[in-house]
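Data block below; observations after.
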Amino acid sequence: MVRQEEGRTGREADYAFDANESLGSRETSLLIHEEPTPANRYNLFLKRRLMFRKDKQSKDSIFFRDGIRQIDFVLSYVDEIKRDTDVKAERRKEFEENLRKTGLELEIEDKTNSEDGKTYFVKIHAPWEVLATYAEVLGIKMPIKESDIPRPETIPFSYVLGPLKLPRNVKHPHPEYFTAQFTRHRQELFLIDDKSTFFPSSSRNRIVYYILSRCPFSMEDGKKRFGIERLLNSHTYSSAYPLHDGQYWKPSEPPNPVNERYTLCQNWARFSYFYKEQPLDLIRNYYGEKIGIYFVFLGFYTEMLSFAAVVGLACFIYGLLSMGGSSSSIEICDPDIGGQIIMCPLCDQVCDYWRLNSTCLASKVSHLFDNESTVFFAIFMGIWVTLFLEFWKQRQARLEYEWDLVDFEEEQQQHQLRPEFEAMCKHRKMNPVTKEMEPHMPLHRRIPWYFVSGATVTLWMALVVSCMVAVIIYRLSVFATFASFMESETSLKHVKSILTPQITTSLTGSCLNFIVILCLNFFYEKLSAWITKMEIPRTYQEYESSLTLKMFLFQFVNFYSSCFYVAFFKGKFVGYPGKYTYLFNVWRSEECDPGGCLIELTTQLTIIMTGKQIFGNVKEAIYPLVLNWWRRRKARTNSEKLYSRWEQDHDLETFGSLGLFYEYLETVTQFGFVTLFVASFPLAPLLALLNNIIEIRVDAWKLTTQYRRPVAAKAHSIGVWQDILNGMAVLSVATNAFIVAFTSDIVPRLVYYYAYSTNAVKPMKGYVNNSLSVFLIADFPNHTAPSEKRDFATCRYRDYRYPPDHDHKYFHNMQFWHVLAAKMTFIIVMEHIVFLVKFLLAWMIPDVSKDVLERIKREKLMTVKILHDFELNQLKENLKIDSNDFVKEVMIQENKVQLAKSTI
């Protein structure tokens, strides 16, 4: 090692000396005045001195080598030997020079100091002058006075919720302030104790990223090229990221500031804190409003799910307790009733006749979800979703006040031109607002890609439907195989009552469908991102909106199509024995269980919803963990203790600009499962609740420990997802009404109870026999009837048709039309009731609560008053006007204050 150090070139010695220029003058003078020694020995001493300081100060330091200037951003690159290396080096040189011209301060770590020996790191610090200038440009609000408005009082019986609360210093790390947009000429107005800590780290990295995204780096083809994103896309730089405050597993040591990352990890990212509230203010301070509002939404949605989960669980328990008293199950399981009813074969030739009591267990399980409480729960969920969306509007309005987003305008980065758009544009057009020439893409160049995009999305949705049809064909094909195998295999006699051919086919088909859904989703995510990129969206906001539309439409069809099929199509168009309908004239259409298709819809929904949630959480936890382990392994170390703060963060996974997009997409997809088909599965809200409790901690854990710190960004709402949720809420009323009417057995039972029952003591007695029609075996076509002869002349099937001895045999009887009319009436009545309640609730619940409105008015009034007093003092001190003029000016300013009060 000594020989290697002694063999260092003069170039490395020069670099070491240049790097030390950022040290204090005392340390530099000490190094310069060392006693004369041979050149190699001096070089070795200097190198070791610098490495000693690096080891001593930089292992977990977030400062430059002087220990004073805080690192706000880090760029990294690998100087490889390739053809375009000189071009990239020139771009970096000009880019960094332009950054210095803006006032940013840079410090470069040579690759010899990096763990892998080939990565350069450019550390960026924003001094006070830069922060003050761009804080004014971005309209960042900063505190001017501590608020005199008390926080909301604790709710009654809050001591019961004590274990769920976080310590006050974690929940509210800073007091509330009256704020105003920062301006440099009013610096005395703001509460500036220490300029180095006045702007929080999230604001600092947001300001630096704003500069990076607009800094030019070259003139190519007569056009000015600018922006860090362009340099990242061209691999001029390999990464750009703000630093975490410190290590997540221990607090920072002085002189580093308070390690908010450690606080978040201890109070938010721990799975043992699953029952605790989230430190939302701390999340916002550390990650910015855009990520903060996602966790507020996810937490609020989870809280509201708890009410739906309790009611759903109560409905399930009711079904469980009343299962033994279900008249339908009793008749089906009775050997003298269900055991004597011979049912027609479920497939042609191979399937045999079967007795109704073989579905005894299925009928009992079906009653768990298909009982009187189903109607109540469907109506309740229609009202619940309205309350959820209306209260979320209130929560969002409160959040806008608490996080100073009342006068928020869309984040300027979202309207910034994408580098890809600039690269593809050959034309320029004057912006009517800025009066500057900007890149312009004519519509005729975009139209072909719009057609390609629309055709691709349509093709993939058709592919989803094709895969669903393939799964249906699988179920139809293997049903006969299961039936004949289970009939012939004597070892399966004991499980035939549990695993009937219907249940076995439904379970395997649902699992196969879930696997197909995951595969299609994986490939479509890649394809949709590529298609959206080829559309050449102008801004980041246009890119995200286009991708949202594509992904949501596809996922809606992909995840829900099979549930829609089971709920609204399966068993509805099967025909009757002797005249069945056939899929492609080959496969006979699927029939529902004698108890209805609701239990199959429940099975389908449970497998897809539960499987997706488990797979998603495992993927979110394992994927970044494995990638980070591999990076550390490549860097020849497995411990964060062995290398610098910026290298630790460099080896973490990138959250990405679309990280939140996929989180929202996952949540909205779950919302669809909870609302669209909840009438068939009252435990869906409970499963969603349990998943979200885990999801919050998984997301917190991966953000805090496995991902680089994202650049802070502002947002005042959940954006387009709000409109999607509203649309799904309206659709859910219709789907649940149709599920109760056409998939459940509720309406036919009610019609029998009120119109066809002849037993006054037990009105539902005889319902099963009444719901089954009679078919004469002799009327079977030769190619469909079982080959073996039987000693009975008729079989039964589920439908309302005339018997074979009637003049209109096998035509729908009058009861069929009565039931159909009752179903349509139920749908109309239920939809009108739920929509009426929805509109009443939406009208009664204001979007902004009264106390928030009062707080907003109070803050506006106090801000105007504080600014008024400040301006008067400035006039008195700086202008030195005489007393009469001063009185006049006071009156003018007071009139302004009174006018502001009356306006508010």
Practice task
Under the side chain to side chain contact (heavy atoms under 4.5 Å, CB included) rule, what do N769 and R796 come out as? Steps first, then yes or no, please.
Solution key: CA-CA 9 Å; N769 184 64; R796 310 294 294 274; 3.0 Å; yes
Exercise for the section: Might you work through the side-chain hydrogen bond (donor to acceptor under 3.5 Å, both in side chains) test for S322 and H367, ending with a clear yes or no? Expected result: CA-CA 8 Å; S322 63; H367 180 78; 3.0 Å; yes
Practice task
Start with the C-alpha gap between T743 and S680, add the side-chain angles, then the distance that decides, and say whether side chain to side chain contact (heavy atoms under 4.5 Å, CB included) holds.
Solution key: CA-CA 9 Å; T743 311; S680 66; over 6 Å; no
Practice task
Could you walk me through whether W384 and F388 pass the ring pair (Phe, Tyr, Trp, His ring centres under 6.0 Å) test, one step at a time?
Solution key: CA-CA 6 Å; W384 173 88; F388 163 65; 5.6 Å; yes
Exercise for the section: Begin with the C-alpha distance, continue with both residues' side-chain angles, and end with the deciding distance and a verdict on side chain to side chain contact (heavy atoms under 4.5 Å, CB included) for L507 and T603. Expected result: CA-CA 7 Å; L507 287 173; T603 304; 3.5 Å; yes
Problem - Check against side-chain hydrogen bond (donor to acceptor under 3.5 Å, both in side chains), Q670 and Y301 - result: CA-CA 11 Å; Q670 184 206 79; Y301 171 49; 2.8 Å; yes
Practice task
Apply the test side-chain hydrogen bond (donor to acceptor under 3.5 Å, both in side chains) to residues H818 and Y756: give CA-CA distance (whole Å), side-chain angles for both, the deciding distance (0.1 Å), then the verdict.
Solution key: CA-CA 11 Å; H818 288 166; Y756 290 90; 2.5 Å; yes
Exercise for the section: Applying ring pair (Phe, Tyr, Trp, His ring centres under 6.0 Å), run through Y294 and Y664 and close with a yes or a no. Expected result: CA-CA 8 Å; Y294 163 73; Y664 276 119; 5.2 Å; yes
Problem - side chain to side chain contact (heavy atoms under 4.5 Å, CB included) between V557 and L553, worked out - result: CA-CA 6 Å; V557 176; L553 284 177; 5.9 Å; no
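The shortest side-chain heavy-atom distance between Q604 and F514 does not fall under the 4.5 Å cut-off. Annotation: side chain of V365 is not in contact with side chain of T602 (no heavy-atom distance under 4.5 Å). Here the side chains of M764 and R749 are in contact, with some heavy-atom distance below 4.5 Å. Contact check for D799 versus F816: side-chain heavy atoms found under the 4.5 Å cut-off. A heavy-atom distance below 4.5 Å is found between the side chains of S771 and Y800. Looking only at side-chain heavy atoms (C-beta outward), T302 and S306 stay at 4.5 Å or farther from each other. Looking only at side-chain heavy atoms (C-beta outward), T532 and S453 stay at 4.5 Å or farther from each other. Inter-residue side-chain proximity for N617 and E695 is flagged as met; some heavy-atom pair is nearer than 4.5 Å.
In Y582, the OH atom is crowded: over 12 heavy atoms of neighbouring residues, nucleotides or ligands sit closer than 6.0 Å. The 12-atom threshold is not exceeded at NE2 of H832, counting heavy atoms of other residues, nucleotides or ligands nearer than 6.0 Å. For K572, the NZ atom is densely surrounded, since the number of other residues' heavy atoms within 6.0 Å is greater than 12. Counting heavy-atom neighbours within 6.0 Å of K364 NZ, excluding the residue itself, gives a total of 12 or less. More than 12 heavy-atom neighbours from other residues, nucleotides or ligands sit within 6.0 angstrom of OH on Y662.
Taken to the nearest 0.5 Å, the CG atom of L690 stands 10.0 Å off from the CG atom of L305. Here the OG1-CD1 distance, from T508 to I607, works out to 9.0 Å after rounding to the nearest 0.5 Å. For the atom pair N521 CG and K526 NZ, the distance stands at 10.5 Å (nearest 0.5 Å). Expressed to the nearest 0.5 Å, how far CH2 of W460 lies from CG of N558 amounts to 9.5 Å. Separating the CG atom in L356 from the CD1 atom in I332 is a distance of 5.0 Å, to the nearest 0.5 Å. A distance of 7.0 Å separates CE in M728 from OG1 in T669, rounded to the nearest 0.5 Å.
Here F564 and Y560 keep their ring centres 6.0 angstrom or further from each other. Proximity of the aromatic rings of Y753 and Y767 is defined here by a centroid distance below 6.0 angstrom, and this criterion is not met. Side-chain rings of F661 and W721 approach one another, their centers coming within less than 6.0 Å.
Counting only distance, with no hydrogens or angles, the side chain of R588 and the backbone of L346 share a donor-acceptor pair below 3.5 Å. Looking only at distances, a side-chain donor or acceptor of T374 sits under 3.5 Å from a matching main-chain atom of N371. When atom types are taken as modelled, the side chain of S366 and the backbone of A362 share no donor-acceptor pair closer than 3.5 angstrom. In this structure a side-chain-to-backbone donor-acceptor pair under 3.5 Å is present from S757 to P763. Put simply, the side chain of N736 never gets that close to the backbone of A378: no donor and acceptor are under 3.5 Å apart. Between the R475 side chain and the T505 main chain, no donor and acceptor come within less than 3.5 Å of each other. With hydrogens and angles disregarded, no donor-acceptor distance shorter than 3.5 Å links the side chain of S561 to the backbone of V465. The backbone N or O of E663 lies less than 3.5 Å from a partner atom in the side chain of T667, making a donor-acceptor pair.
Of all the heavy atoms in I739 and L676, the pair that sits closest is CD1-O, 3.8 Å. Among all heavy-atom pairs drawn from V452 and T456, the shortest one is O-OG1, 2.6 Å. When all heavy atoms of S589 and L476 are compared, the closest pair comes out as C-CD2, 4.1 Å. Taking every heavy atom of both residues into account, I473 and F584 meet most closely at CD1-CE1, 4.0 Å. Residues I337 and E331 approach most closely at CB-O, 3.4 Å, considering heavy atoms. Heavy atoms only, all atoms of each residue included: M814 and Y802 are closest at N-OH, 3.9 Å.
Cation-pi check for K612 over F559 is met; the charged atom lies under 6.0 angstrom from the ring centroid and within 45 degrees of its normal.
With hydrogens and angles left out, the side-chain atoms of D779 and Y810 include a donor and acceptor closer than 3.5 Å.
Ring planes of F380 and F377: parallel class, angle under 30° (limits at 30 and 60°).
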